[in-house]
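Within every chain, numbering begins at 1; the chains are lettered A, B, ... in the order of the sequence lines, protein sequences first and strands thereafter. Reckoned from all heavy atoms, side chains included, excluding hydrogens, waters and symmetry mates.
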Amino acid sequence: MLDLFGDEAPWVEPLAEGAVILRRRARQQGAALLASIAQIAAQHPFQHLITPGGYRMSVAMTNCGDLGWSSGRRGYHYSDVDSFNGRRWPAMPQGFLLLAQQAAQEAGFTDFQPDACLINRYEPGARLSLHQDKDEKDLRQPIVSVSLGLPAQFQFGGFARGDGVQRLLLEHGDVVVWGGPSRLRFHGILPLKPGEHPLAGPYRYNLTFRRAR
DNA sequence: AAGTCGCC
DNA sequence: TCTG
């Protein structure tokens with residue numbers, strides 16, 4: 001939809017049972033969210049983690065909240081410290097927490113209590129291949145994913161890697177929530193197309209809120 | 001506003 | 001441990 005003014009009201013798009021896109025839901029908070037990301041990254045720099053297979057991830061990551069997601073040769077895990085500097089992750093900003101809880105509520109998930117916020121930074125060409133979020137202890141809690149900056153193609157699939165996927169363009173301020181019967185659906189991001197965003201420059205950022213423990 | 005497959 |  002043409003949006004010359006950037007002030008259209010959010011709208012809701014169902015994705016699957018237990019999954020929804022809240023279009024532009026976080027748009028008016030975009031600048032504040034990006035400012036918080038910059039503050040966090042000043043102390044906990046974005047890093048390109050290594051997968052268990054030994055590959056450098058094209059997406060750069062940092063975290064806030066009690067627990068942070070990480071990857072290394074030995075596998076994936078949540079940790080309360082940043083391996084870069086051995087210090088605890090910064091607290092989740094209140095604006096992050098409120099947004100995540102409100103978005104979850106609007107998607108039908110009450111009492112979402114995220115303790116982990118993974119912050120992903122995509123540069124042109126960066127991707128996240130199809131995967132499941134399944135390292136969390138309580139799979140009754142949903143995933144809340146906030147898109148900022150450059151647009152990207154999101155893949156939302158089924159329960160096996162080879163199942164068909166929906167492709168959805170996620171733009172600045174879009175919030176995807178999935179849980180319940182959709183909690184273990186495969187999802188990913190196709191290689192980011194180069195561009196320039198007025199607030200985020202040449203990047204796409206994603207906040208992924210989870211209850212990890 | 002790229003889709004799909006096979007390889008390790 | 002294929003979120004490459």
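Applying the salt bridge (Lys or Arg N to Asp or Glu O under 4.0 Å) test to pairs two or more places apart or on separate chains, those with a residue in residues 77-98 of chain A are A/D80-A/R88. Pairs passing the side chain to side chain donor-acceptor pair (under 3.5 Å) check and including a residue from residues 182-192 of chain A, sequence neighbours excluded, read A/H131-A/H187, A/D133-A/H187, A/E136-A/R183, A/S182-A/R185. Applying the side chain to side chain donor-acceptor pair (under 3.5 Å) test to pairs two or more places apart or on separate chains, those with a residue in residues 52-66 of chain A are A/H48-A/R56. Screening residues 28-37 of chain A for side chain to side chain donor-acceptor pair (under 3.5 Å) gives no qualifying pairs among residues at least two apart or on separate chains.
For the salt bridge (Lys or Arg N to Asp or Glu O under 4.0 Å) test, residues two or more places apart in sequence or in another chain that qualify with A/R211 are A/D115. Evaluation of the salt bridge (Lys or Arg N to Asp or Glu O under 4.0 Å) rule for A/D135 yields no partner, not counting sequence neighbours.
Within the 4.0 angstrom heavy-atom criterion, base atoms lie near A/R74.
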For residues 152-165 of chain A, which side-chain donor-acceptor pairs fall under 3.5 Å, sequence neighbours excluded?
| from | atom 1 | to | atom 2 | distance (Å) |
| --- | --- | --- | --- | --- |
| A/Q153 | OE1 | A/R167 | NH1 | 3.0 |
| A/R161 | NH1 | A/L130 | O | 2.6 |
| A/D163 | OD2 | A/F159 | N | 3.0 |
| A/D163 | OD2 | A/A160 | N | 3.1 |

For a quick test of your reading: what N or O donor-acceptor pairs under 3.5 Å do the side chains of residues 92-104 of chain A make, sequence neighbours left out?
| from | atom 1 | to | atom 2 | distance (Å) |
| --- | --- | --- | --- | --- |
| A/Q101 | NE2 | A/F112 | O | 3.0 |
| A/Q101 | NE2 | A/Q113 | OE1 | 3.4 |
| A/Q102 | OE1 | A/R25 | NH2 | 3.1 |

Show me the donor-acceptor pairs, under 3.5 Å and distance only, between side chains in residues 190-197 of chain A and residues at least two apart or in other chains.
| from | atom 1 | to | atom 2 | distance (Å) |
| --- | --- | --- | --- | --- |
| A/H197 | ND1 | A/L199 | N | 3.0 |
| A/H197 | ND1 | A/A200 | N | 3.2 |

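Considering only the side chain of A/L169, B/dA1 comes nearest among C/dT1, B/dA1, B/dA2.
Between the CD atom of A/Q166 and the P atom of B/dA1 there is a distance of 18 Å, given to the nearest Å. Separating the CG atom of A/L130 from the C1' atom of C/dT1 is a distance of 15 Å, rounded to the nearest angstrom. Atom-to-atom, OH of A/Y78 to P of C/dT1 comes out at 18 Å; the value is rounded to the nearest Å. A straight line from CD1 of A/I189 to P of B/dG3 spans 13 Å, rounded to a whole angstrom. Atom C1' of nucleotide B/dA1 and atom NZ of A/K193 are separated by 5 Å, given to the nearest angstrom. Atom pair A/L190:CG and B/dG3:C1' shows a separation of 9 Å (rounding to whole Å applied). One atom, CZ of A/F186, and another, C1' of B/dT4, lie 17 Å apart when rounded to the nearest Å.
Within residues 133-163 of chain A, the residues having any heavy atom under 4.0 Å from DNA chain C are, by residue number, A/D135, A/R161. For the contact set between residues 171-178 of chain A and DNA chain C, defined by any heavy atom under 4.0 Å, there are no members.
Toward the 5' end of DNA chain C, the nearer of the two residues A/T51 and A/R73, judged by each one's closest nucleotide, is A/R73. Comparing A/Y55 and A/R167 by the nucleotide of DNA chain B that holds the closest heavy atom to each, the one mapping nearer the 5' end is A/R167.
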Bracket notation of DNA chain C in which parentheses pair within the strand, [ ] cross earlier pairs, and | pairs with another strand (Watson-Crick or G-U, under 3.5 Å) = ...|

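With rounding to the nearest 0.5 Å, the separation of OG in A/S79 from CG in A/L67 is 7.5 Å.
Put simply, the residue from A/I119, A/N120, A/L49 that forms a side-chain contact (heavy atoms from CB on, under 4.5 Å) with A/W69 is A/L49.
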